Amino acid sequence: LSAVAQIDVAMNHRHYPAQAALLVKKPSYLRLELIPVLGTPDFFLTANPEKLSIFIPSKKEFYIGKPTQANLVKFLPWPLSVEDLVWILSGTYPPLRGKNIAYERYQENKLLRVEMKEPSGPSQIAWFDEKDRLRKFVRRNDLGEETYNIAYEHYETPEPIPGKISIHMADGITSVTVRYSDLKVEKSTGDLSIFDLSIPADVRAISLDLDGLQ
């Protein structure tokens, strides 16, 4: 999936808007380039199952490390793993990763409610409309506490991808809204090199796993 994304991050009652070129491929491939009002992009992020890379040209800094949630949250203001984020931005919900998942389905008003639960772990609920389009999603931790919920809206293209995705964290003060334009879903060519950045010459390389960020 490729698109131009209008991103609005709300934190502590303040809004931080941005525009980005976005490319995602399930299960865990991500490329994000922030598009400034003037000039060239100054933030590049790529992630694949083996590596997370971030390049900030104005600082001549290149960060590299494992694609963990702890590393990702140092640059993106929401506590989601790369894989969960890719599934969400693809217009669907991230699967539970445990075994022996229990499923329960029933009608709730005009939506189909699907509950998923691990025997002793996280659970989640997804709601689908009559056209089998995902409308709402809630993720809960192993204590049954909600960690985040998502609204999927504006299905306006032939592809079953929502034009607007709103993520609300359980803290009640952090949310992310993504609105797509120029949305395209293309067949994979098998070339995944676009999800990996090369370190430019004369740029400082910083290991996220060894040095960390303060």
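Because the structure is predicted, anything quoted here is derived from the model rather than measured.
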Do NZ/NE/NH1/NH2 and the carboxylate oxygens of K51 and D196 come within less than 4.0 Å?
-> yes

Considering all heavy atoms, the nearest L45-F43 contact = CB-CE2, 3.9 Å

N/O donor-acceptor pair under 3.5 Å between Y106 side chain and V114 backbone | no

Between the main-chain N or O of A102 and the side-chain N or O of E115, is there a donor-acceptor pair closer than 3.5 Å?
-> no

More than 12 heavy atoms of other residues, nucleotides or ligands under 6.0 Å from CZ of R113: is that the case?
-> yes

Can you name the nearest heavy-atom pair linking V24 to S90, along with the distance?
-> CG2-OG, 3.6 Å

R105 and Y103 have their tightest heavy-atom pair at NH1-CB, 4.0 Å

When you check the side-chain N and O atoms of D42 and S58, is any donor under 3.5 Å from an acceptor?
-> yes

Answer yes or no: is there a donor N or O on one side and an acceptor on the other, between the side chain of R31 and the main chain of I194, under 3.5 Å?
-> yes

Closest heavy-atom pair and its distance - L134, G91 = CD2-O, 4.0 Å

Salt bridge check: are D129 and K136 linked by an N-O gap of less than 4.0 Å?
-> no

Taking the side chain as every heavy atom from C-beta outward, state whether L52 and L72 have any atom pair closer than 4.5 Å.
-> yes

Test applied, side-chain contact (heavy atoms from CB on, under 4.5 Å); reference residue, R139; option that passes from L96, I150, I125, L80 | L96

Close side-chain approach of M169 and D171, heavy atoms under 4.5 Å = yes

Measure across E61 and F55 and return the closest heavy-atom pair with its distance rounded to 0.1 Å.
-> O-CD1, 3.4 Å

Between Y93 and W87, what is the shortest heavy-atom contact and its length?
-> O-CE3, 3.4 Å

Contact check, side chains of I161 and Y152, non-hydrogen atoms, under 4.5 Å = no

I would like to know whether Y63 and F75 meet ring pair (Phe, Tyr, Trp, His ring centres under 6.0 Å); could you show each step before the answer?
-> CA-CA 10 Å; Y63 298 91; F75 299 92; 5.2 Å; yes

Can you measure from OG1 (T147) to CD (Q124) and round to the nearest 0.5 angstrom?
-> 9.0 Å

Value for OG1 (T174) from CD1 (I167), rounded to nearest 0.5 Å, stands at 11.5 Å

Backbone N or O of L111 within a donor-acceptor pair of the N109 side chain at under 3.5 Å?
-> no

Can you check whether R140 reaches S123 side chain to side chain, under 4.5 Å on heavy atoms?
-> yes

Can any side-chain N or O of Y16 pair as donor or acceptor with the backbone N or O of A10 at less than 3.5 Å?
-> no

Modelled atom types, side-chain donor and acceptor of D8 and H15, under 3.5 Å | yes

Does a side-chain N-to-carboxylate-O contact under 4.0 Å join D209 and K66?
-> no

In Å and rounded to the nearest 0.5 Å, what is the OG to CG distance from S28 to N48?
-> 7.5 Å

Is any side-chain heavy atom of V178 closer than 4.5 Å to a side-chain heavy atom of L89?
-> yes

Under a 4.5 Å cut-off applied to non-hydrogen side-chain atoms, are Y29 and L192 in contact?
-> yes

Pi-cation contact, Y155 with R133 (under 6.0 Å, within 45°) | yes

What's the spacing between F128 CZ and F137 CZ if we round to 0.5 Å?
-> 9.5 Å

Taking the side chain as every heavy atom from C-beta outward, state whether F195 and L23 have any pair of such atoms under 4.5 Å apart.
-> yes

Answer with yes or no whether the side chains of E146 and Y148 bring together a donor and an acceptor at under 3.5 Å.
-> no

